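The structure appears right after this line, and notes come after that.
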There are 2 protein chains.
Amino acid sequence: MLHRPDAFDARCPTRQVLDRIGDKWAVLVLILLEQETLRFNALRRRIDSISQKMLSQTLKSLERDGLISRRAFATVPVTVEYSLTPLGRTLAGTVAALTQWAEAHIGEVEDAQRRYDRGEAAA
Amino acid sequence: MLHRPDAFDARCPTRQVLDRIGDKWAVLVLILLEQETLRFNALRRRIDSISQKMLSQTLKSLERDGLISRRAFATVPVTVEYSLTPLGRTLAGTVAALTQWAEAHIGEVEDAQRRYDRGEAAA
DNA sequence: GGATGTTGGTTCCCATTGGATACTAGGGAA
DNA sequence: TTCCCTAGTATCCAATGGGAACCAACATCC
């Protein structure tokens, strides 16, 4: 890879990382795992409305990216624990800033939406 | 809205903001507009591989959320300028931290992917 | 003077994706 | 016996994303 990171070039690997952030489920999983190690169904219960398919898909790709680690125990029924890797922990910190922005500015965003929708209705 | 922001509840408005971040095109537009005001086709030329449809869709929803502002001039052909609002500027700053993370850690992510894929191939 | 290119989009169609539901195995509890 | 638990997978359908064509009104090229 000779060219410097340029997120606006589709071929750039940085874009891959950005696309991963662009996955709402991945973001929610990172936030939860930052606080504690969790099992598959524990994650499912906390993330309202995620499907089993999307959760297992999300976990698999986060594991492939080295952001979370998976440990299975031969209990009955089988137990699987997911936790952040050190790399994942650095990303989770950055992502947390985003959720703080969201919680701080959601009111302004909603106001803007209402203004926009009123204008559209008038036009 | 009585309940406190809880991004894990699908009904929560904070989730809407998170979903907006979860739009890779929106993120790229915010980064570009942080540096300068740009016209429609200027944005299109800089964001490699975005389609006209997705760009106009992205700009429309960013405008609705009060993050960017649109100004049209009655020239021939018509000129349309997009720029960040003050609200959008605060979000762009936060998002920039994310792209810095991406550029700093892309190597580690790629290493992890190669390790994972070798393991999969072996299994 | 016709073809082409410019502007900022919209519309149509198809491929990919996301989500709901059902199913797996191997037991424990009612 | 039937249901529930675990952590997923398989299947099907609806929604979304992207490519290409099209729009008006003019400037420039040949």
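Computed from heavy atoms alone, side chains included, the values below leave out hydrogens, waters and symmetry copies. Per chain, numbering begins at 1; letters A, B, ... match sequence-line order. These figures come from a predicted structure and were not determined experimentally.
Comparing Lys53(B) and Arg45(B) by the nucleotide of DNA chain C whose heavy atom lies nearest to each, the residue mapping closer to the 5' end is Arg45(B). Take the nearest nucleotide of DNA chain D for Val80(A) and for Gln52(B): the residue whose nucleotide is more 5' is Val80(A).
Residues of residues 26-34 of chain A that place a heavy atom closer than 4.0 Å to DNA chain C do not occur. Near DNA chain D, meaning a heavy atom under 4.0 Å from it, residues 61-79 of chain B has Val76(B) in order of number.
Separating the CD1 atom in Ile21(B) from the CG atom in Leu30(B) is a distance of 7.0 Å, to the nearest 0.5 Å.
Scored by the salt bridge (charged side-chain N to carboxylate O under 4.0 Å, His left out) test, Arg70(A) finds no partners at all (sequence neighbours excluded).
A salt bridge links Arg114(B) to Asp111(B): at least one charged side-chain nitrogen sits closer than 4.0 Å to a carboxylate oxygen.
Taking every heavy atom of both residues into account, Ser49(A) and Arg15(B) meet most closely at OG-NH2, 3.7 Å. Pairing each heavy atom of His105(A) with each of Leu87(B), the nearest pair is ND1-CD1, 3.6 Å. When all heavy atoms of Thr90(B) and Trp101(A) are compared, the closest pair comes out as OG1-NE1, 2.9 Å. Of all non-hydrogen atoms in Gln52(A) and Phe40(A), the two that sit nearest each other are O-CZ, 3.9 Å. The two residues Thr37(A) and Glu81(A) make their nearest non-hydrogen contact at CG2-OE1, 3.7 Å. The two residues Thr58(B) and Met54(B) have their closest heavy-atom pair at OG1-O, 2.6 Å.
Taking the C1' atom of each, dT6(D) and dG19(C) are spaced 22 Å apart, rounded to whole Å.
Of the possible polar contacts, one joining the Thr85(A) side chain to the Gly66(A) backbone as a donor-acceptor pair under 3.5 Å is found.
No contact: Arg44(B) has no heavy atom under 4.0 Å from any strand.
Boundaries of the chain A contact region on DNA chain D are dC5(D) to dT11(D), first to last in 5' to 3' order (nucleotide atom under 4.0 Å from a heavy atom). Reading DNA chain C from its 5' end, the first and the last nucleotide to sit under 4.0 Å from a heavy atom of chain A are dG18(C) to dG26(C).
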(request) Please test Glu103(A) against Gln100(A) for side-chain contact (heavy atoms from CB on, under 4.5 Å), starting from the C-alpha separation and ending with a verdict. (result) CA-CA 5 Å; Glu103(A) 298 189 359; Gln100(A) 281 161 25; 6.0 Å; no
(request) Starting from the C-alpha separation in whole Å, work towards a yes-or-no answer on side-chain contact (heavy atoms from CB on, under 4.5 Å) for Lys24(A) and Asp19(B). (result) CA-CA 6 Å; Lys24(A) 64 176 171 179; Asp19(B) 287 354; 3.1 Å; yes
(message) Please evaluate residues Leu33(B) and Leu67(B) with respect to the criterion side-chain contact (heavy atoms from CB on, under 4.5 Å), reporting the C-alpha separation (whole Å), side-chain torsions for both, the decisive distance (0.1 Å), and the verdict.
(response) CA-CA 10 Å; Leu33(B) 291 184; Leu67(B) 298 168; over 6 Å; no
(request) Start with the C-alpha gap between Phe73(B) and Arg39(B), add the side-chain angles, then the distance that decides, and say whether side-chain contact (heavy atoms from CB on, under 4.5 Å) holds. (result) CA-CA 11 Å; Phe73(B) 302 92; Arg39(B) 297 168 57 180; over 6 Å; no
(request) State the dot-bracket string of DNA chain C. Criteria: Watson-Crick or G-U wobble, both atom distances under 3.5 angstrom; notation: ( ) intrastrand, [ ] crossing earlier pairs, | interstrand, . unpaired. (result) ||||||||||||||||||||||||.|||||
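The side chain to side chain contact (heavy atoms under 4.5 Å, CB included) with Val27(B) is formed by just one residue from the set Val29(B), Asp23(B), Ile31(B); it is Ile31(B).
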